[in-house]
Amino acid sequence: MKVTVDQDRCVGAGMCAMTAGEVFAQHEDDGLVVLRMAEPPEHLTDHVEEAQQLCPSRAITVDPAAP
């Protein structure tokens with residue numbers, strides 16, 4: 001799995017950081033998404049996919065086929 005984020009689309013809702021805090025965080029100054037782990041381990045797959053679905057601005061892209 002490979003995860004990417006688009007900070008230009010991010011609105012700082014924080015759903016990603018609340019759902020998958022191991023993979024996502026937020027900048028302290030503007031609240032925008034910070035990608036902590038571009039290739040998370042398999043046991044985090046469900047959390048990452050849920051974070052992608054919950055993102056109101058669709059700023060998270062998950063490629064499940066990437067090694």
Please tabulate, one pair per line, all N/O donor-acceptor pairs under 3.5 Å involving side-chain atoms of residues 9-30, not counting sequence neighbours.
{"unit_1": "R9", "atom_1": "NE", "unit_2": "S57", "atom_2": "O", "d": "3.1"}
{"unit_1": "R9", "atom_1": "NH2", "unit_2": "S57", "atom_2": "O", "d": "3.1"}
{"unit_1": "T19", "atom_1": "OG1", "unit_2": "M15", "atom_2": "O", "d": "2.7"}
{"unit_1": "Q26", "atom_1": "NE2", "unit_2": "G12", "atom_2": "O", "d": "3.2"}
{"unit_1": "Q26", "atom_1": "NE2", "unit_2": "G31", "atom_2": "O", "d": "2.8"}
{"unit_1": "H27", "atom_1": "NE2", "unit_2": "Q7", "atom_2": "NE2", "d": "3.3"}
{"unit_1": "D30", "atom_1": "OD1", "unit_2": "L32", "atom_2": "N", "d": "3.1"}

Identify every side-chain donor-acceptor pair in residues 42-49 under 3.5 Å, counting partners at least two apart or on other chains, and give the distances.
{"unit_1": "T45", "atom_1": "OG1", "unit_2": "E42", "atom_2": "O", "d": "2.8"}

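One hydrophobic cluster holds both L35 and I60 under the rule that ILVMFWY side chains link at heavy-atom gaps under 4.5 Å.
You'll find the side chain of M1 stays beyond 4.5 Å of the side chain of D63, heavy atoms only.
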